[in-house]
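Here is the structure we will look at.
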Number of protein chains: 2
Amino acid sequence: MALRTGELCVCQIVELLQLAHSTVSKHMSILKQAGLVESRKKGRWVYYRLNNDPGRSFLAEQALNWVCEATSNDPVILDDLKILNENVRLDPDALCKSKIGK
Amino acid sequence: MALRTGELCVCQIVELLQLAHSTVSKHMSILKQAGLVESRKKGRWVYYRLNNDPGRSFLAEQALNWVCEATSNDPVILDDLKILNENVRLDPDALCKSKIGK
DNA sequence: TCTATACATCGCCACATAACGAAATATATG
DNA sequence: CATATATTTCGTTATGTGGCGATGTATAGA
């Protein structure tokens, strides 16, 4: 759901979800393996984004749609999106050092 | 997936999946609470069916579609459907006593 | 009313999953 | 080349889930 606002690097997701780096990294690798997200590496950062590739599996597309519709009104999700929007104008590099929301 | 062939009572599902009665009953109650299946009681039997009510939630509909598409080619699912089709002509009451596939 | 059958509920145990910290790897920078 | 930062991998621990048997409830039939 966080990735709907655009790609995020691991440390941004860490700050958003307040989880350990290792936890987020592991989850993202699982999501990537499942074909739900893609990643690109830029320098020290790895940016994850939703898989919107036309060649993605229909199952992945449906799963993403379902999760989006099932959680888009969840108060926690809404709070998270609010935090993300407040930082969306910042340069990702700056964000990574300044820590999201601080 | 088994309910795609029509409604089934708990003991039929027990025979199909080779699980304990309590396990099947628990799972069906969870599926019912989630709005994925409905049930009707007839005498001592409780028949479960997929929730195809037009008033069902869109989330439930999508979830059912997703599961169907994700598993319809699974070999275990195909075997199970084969077993069900072999018994589809029988009277449910008779089925319950004769045990599916025996 | 008593018994048998079908289903639901409860408590317990085994196993799977998710979390963390520590250590390893990769890359930019001094 | 050494250091700092970002990410990944590994091992351990805590929590969640799925399974069963025992027990309780409802209904049909003797």
Side-chain angles (χ1 to χ4, degrees), chain A residues 1-3 6-49 63 67 70-71 74 76-77 80 84 87 90-102, chain B residues 1-3 6-51 63 67 71 74 76-77 80 87 90-102:
Chain A
M1 289 302 283
L3 296 181
E7 65 183 7
L8 293 173
C9 65
V10 175
C11 67
Q12 290 175 309
I13 303 171
V14 165
E15 285 301 316
L16 178 67
L17 302 182
Q18 294 288 298
L19 293 170
H21 285 237
S22 57
T23 302
V24 171
S25 178
K26 185 172 152 190
H27 275 265
M28 295 315 295
S29 72
I30 292 170
L31 292 174
K32 187 179 177 182
Q33 191 189 347
L36 301 183
V37 305
E38 294 178 311
S39 65
R40 74 182 172 91
K41 188 164 190 172
K42 184 186 181 186
R44 282 171 288 184
W45 292 276
V46 176
Y47 290 94
Y48 285 95
R49 62 181 179 277
V67 169
T71 67
D74 183 289
V76 175
I77 294 290
D80 286 351
L84 285 171
N87 291 276
L90 296 178
D91 176 39
D93 289 16
L95 260 181
C96 233
K97 288 180 182 168
S98 70
K99 304 302 186 184
I100 283 190
K102 292 175 185 173
Chain B
M1 290 302 282
L3 296 181
E7 63 182 9
L8 294 172
C9 65
V10 174
C11 67
Q12 289 174 309
I13 302 171
V14 165
E15 285 302 317
L16 178 66
L17 303 181
Q18 295 289 298
L19 293 171
H21 284 246
S22 57
T23 302
V24 171
S25 179
K26 184 172 151 189
H27 275 265
M28 296 315 293
S29 70
I30 292 171
L31 292 175
K32 187 179 178 183
Q33 190 190 349
L36 300 182
V37 304
E38 294 177 310
S39 65
R40 74 181 171 93
K41 187 162 189 172
K42 183 185 182 184
R44 283 171 290 186
W45 292 275
V46 175
Y47 290 95
Y48 285 96
R49 62 181 180 278
L50 294 180
N51 181 1
V67 169
T71 67
D74 183 289
V76 175
I77 293 290
D80 286 351
N87 291 277
L90 296 179
D91 176 37
D93 290 15
L95 260 182
C96 231
K97 288 180 185 171
S98 68
K99 305 299 184 183
I100 284 192
K102 290 179 187 170

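Lettering of chains follows the sequences in order, A, B, ..., and the numbering in each one begins at 1. It should be emphasised that the depicted structure is a prediction, and the values quoted were computed from it without experimental measurement.
The backbone N or O of Gly35(B) sits less than 3.5 Å from a side-chain atom of Asn51(B), completing a donor-acceptor pair. Thr71(B) places a side-chain N or O within donor-acceptor distance of the main-chain N or O of Val67(B), the cut-off being under 3.5 Å.
Atom CD of Glu7(B) sits about 10.5 Å away from atom CD1 of Ile13(B), to the nearest 0.5 Å. Atom CG of Leu31(B) and atom CG of Leu36(B) lie 5.5 Å apart (nearest 0.5 Å).
Nearest heavy-atom pair across Asp74(A) and Val76(A) is OD1-N, 2.7 Å. Annotation for Val46(B) and Lys41(B): closest pair CG2-CG, 4.2 Å, computed over non-hydrogen atoms. In terms of heavy atoms, Cys9(A) sits closest to Trp45(A) at SG-CD1, 3.7 Å. For the pair Val37(B) and Met28(B), the tightest heavy-atom approach, listed with the atom from each and the gap, is CG2-O, 4.1 Å. Contact detail for Leu3(A) and Arg49(A): the closest heavy-atom pair is CD1-C, 3.9 Å.
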task: Summarise protein proximity over nucleotides 23-30 of chain D in one line of letters, 5' to 3': B for base, S for sugar-phosphate only, - for none, counting protein heavy atoms closer than 4.0 Å.
output: ---SBS--

field: Base-contact (B) and sugar-phosphate-only (S) positions in nucleotides 9-20 of chain C, heavy-atom cut-off under 4.0 Å, - elsewhere
entry: B--------BBB

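Between Leu19(A) and Val14(A) there is no side-chain heavy-atom pair separated by less than 4.5 Å.
Counting only Watson-Crick and G-U wobble pairs whose two distances sit under 3.5 Å, DNA chain D takes part in these stems of three or more pairs: C:1-30 with D:1-30.
Listed pair Tyr48(B) / dA8(C) meets the phosphate criterion, a side-chain N or O lying under 4.0 Å from OP1 or OP2.
Spacing between atom NZ of Lys32(B) and atom C1' of dC7(C) amounts to 12 Å, rounded to whole angstrom units. Between Ile13(A) atom CD1 and dT7(D) atom P the separation is 9 Å, expressed in whole Å. Rounded to an integer number of Å, the gap from Tyr47(A) OH to dT27(C) P is 15 Å. In this entry the distance linking CG of Leu8(A) with P of dT7(D) reads 11 Å, nearest Å. Look at CD on Gln12(B): it is 17 Å from P on dT5(C), rounded to the nearest Å.
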